[in-house]
Amino acid sequence: MAVPLRQALTIGYYLFRQKLKGRKKFPLVLMLEPLFRCNLECVGCGKIQKPNEILKQNLSPEDCLKAANECGAPVVSIAGGEPLMHPQIQEIVEGLIHQGRYVYLCTNALLLDNFLGKLPTSPLLTLSVHLDGMEEDHDRIVAQEGTFKTAVAAIKKAKSMGYRVNSATTFFDEMTVAKAEEFLDFVKPLGVDGVTLASAFQYPDAPDQEHFFGRKRTFEFFNELLEKNKKGRWDINHSPFYMEFLQGKRDYNCTPWGNPNYSVLGWQKPCYLLDEGYAESFAELMESTEWENYGHLNNPKCADCTAHCGYEATAVQDATASLGNMLESSKAMF
Ligand code: SF4
Ligand code: SF4
């Protein structure tokens with residue numbers, strides 16, 4: 001089970017409280033980008049293309065904690081850029097944990113060794129290490145040799161020191177089901193607590209505009225791959241209904257307010273993948289975004305998107321929509 005029971009119960013209780021309050025739109029995971037700088041230049045990255053004056057900026061720990069309080073999501077995913085290049089990243093992580101939030105610190109792991117022993121080994125903190133396949137594929141996608149070996153060494157060390165560690169993998173169109181299987185079989189014995197999987201999003205600003213699965217290919221790929229995930233072969237850190245969505249077995253609409261994004265530019269409309277303007281506060285984001293203009297049915301920019309930031313919150317809400325769905329979803333989890 002990739003999501004610990006305590007975390008699943010916290011999220012379940014949060015969802016229950018939102019329902020009691022009658023809230024229709026509420027956040028589940030805050031996507032926090034405290035900087036856009038990175039020590040890599042991955043070809044599919046849509047974040048590091050910002051102008052220099054933006055790349056130089058950092059969110060302060062106060063800004064990060066205020067944003068988390070403003071939106072109230074029980075989970076925070078810290079991405080970027082490379083969060084470990086932020087001069088006060090430890091303070092940000094510790095502050096969010098102090099608020100009782102589950103924190104996923106997303107990193108390419110090039111600097112992770114320097115932080116092991118300094119970051120808390122809390123059950124609320126998961127180090128989410130970027131690995132886009134086996135060595136040859138990963139090093140090509142991140143455009144730097146040696147990164148796979150560094151990341152794998154950091155994962156092993158982090159696990160030996162008692163950290164919770166996930167691998168976060170994005171699949172581009174050169175990935176085959178056989179290669180993905182080989183990768184997942186390689187990662188599991190490293191002791192990782194879970195893996196997150198995604199099909200790459202075609203960022204308009206990314207240098208690589210060619211190597212993406214479309215929506216149909218995404219469903220076919222994940223259906224074939226996840227059918228092989230029998231008897232706990234891999235610990236996949238997604239909710240059961242979202243995985244069925246990725247397999248094309250469930251049809252969902254995007255609910256981007258489930259994963260709002262806050263960065264040095266403000267609250268991004270409508271999600272961390274599209275760049276359609278910014279709001280100054282979470283309340284303004286919720287009120288001023290024309291949510292009905294997004295999702296694969298409503299916007300050509302969303303046509304091929306199956307990202308967790310749009311569809312996992314939908315799946316999680318669906319899993320708690322009725323007693324039958326709750327039972328079906330829990331059966332798949334345990
Ligand atoms: S490691 Fe992440 S933030 Fe850095 S360039 Fe690659 S995709 Fe972009
Ligand atoms: S479909 Fe994807 S890109 Fe479009 S709003 Fe939803 S999450 Fe963002």
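Counting starts at 1 for both ligands and their atoms, in listed order.
Remark: minimum distance from atom 2 (Fe) of ligand 1 to any protein heavy atom is reached at H130 ND1, 4.1 Å. Looking only at protein heavy atoms, the nearest one to atom 6 (Fe) of ligand 2 is C254 SG, 2.3 Å. Protein heavy atom closest to atom 4 (Fe) of ligand 1, with residue, atom name and distance, is C38 SG, 2.2 Å. For atom 1 (S) of ligand 2, the nearest non-hydrogen atom of the protein is C302 CB, 3.5 Å. With respect to atom 8 (Fe) of ligand 1, the closest heavy atom belonging to the protein is C45 SG, 2.3 Å. Among all non-hydrogen protein atoms, the one lying nearest atom 7 (S) of ligand 2 is G310 CA, 3.4 Å.
The atoms of ligand 2 that sit less than 4.0 Å from any heavy atom of C271 are 3 (S), 5 (S), 7 (S), 8 (Fe). Listed by number with element, the atoms of ligand 2 under 4.0 Å from a non-hydrogen atom of Y311 are 1 (S). Annotation for ligand 1: atoms under 4.0 Å from non-hydrogen atoms of L40 are 5 (S). Of all atoms in ligand 1, listed by their number and element, those nearer than 4.0 Å to a heavy atom of G81 are 3 (S). Which parts of ligand 2 touch P270 is read off a 4.0 Å heavy-atom cut-off, strictly below it: atoms 5 (S). Remark: ligand 2 atoms within the under-4.0 Å shell around heavy atoms of Y294 are 5 (S). Ligand 2 places these atoms under 4.0 Å from at least one heavy atom of C309: 7 (S). Near G295, meaning under 4.0 Å from any of its heavy atoms, are these atoms of ligand 2: 1 (S).
K228 and D185 are not joined by a salt bridge, as no carboxylate oxygen comes within less than 4.0 angstrom of a charged side-chain nitrogen. With respect to the salt-bridge test (charged N to carboxylate O, under 4.0 angstrom), the residues E145 and R140 do not qualify. Note on E135 versus K149: salt bridge recorded, some NZ/NE/NH1/NH2 to OD/OE distance being below 4.0 Å. Salt bridge annotation for K269-E284: absent, with no cationic side-chain nitrogen under 4.0 angstrom from a carboxylate oxygen. Salt bridge present: E227 and K249 bring a charged side-chain N and a carboxylate O closer than 4.0 Å.
Contact between E82 and ligand 1 is absent, with no heavy atom of the residue lying under 4.0 Å from the ligand. Remark: distances from the non-hydrogen atoms of V142 to ligand 1 are all 4.0 Å or more.
The backbone and the side chain of C42 each have at least one atom closer than 4.0 Å to an atom of ligand 1 (non-hydrogen atoms only). Proximity of C305 to ligand 2, defined as any heavy-atom pair under 4.0 Å, is confined to the side chain (atoms from C-beta onward).
Using cut-offs of 30° and 60° on the angle between ring planes, the pair F245 and F219 is perpendicular. Ring pair W257/W291 is perpendicular by interplanar angle, where above 60° counts as perpendicular and below 30° as parallel.
Both tests hold for R215 against Y311: distance to the six-membered ring centre under 6.0 Å, angle to the ring axis within 45°. Taking the ring centre of F213 as origin, the terminal cationic atom of R217 falls inside the region bounded by 6.0 Å and 45° from the ring axis.
Side chains of E276 and Y294: a donor on one and an acceptor on the other come within 3.5 Å.
Between F115 and Y163, the distance separating the two ring centers is not shorter than 6.0 angstrom.
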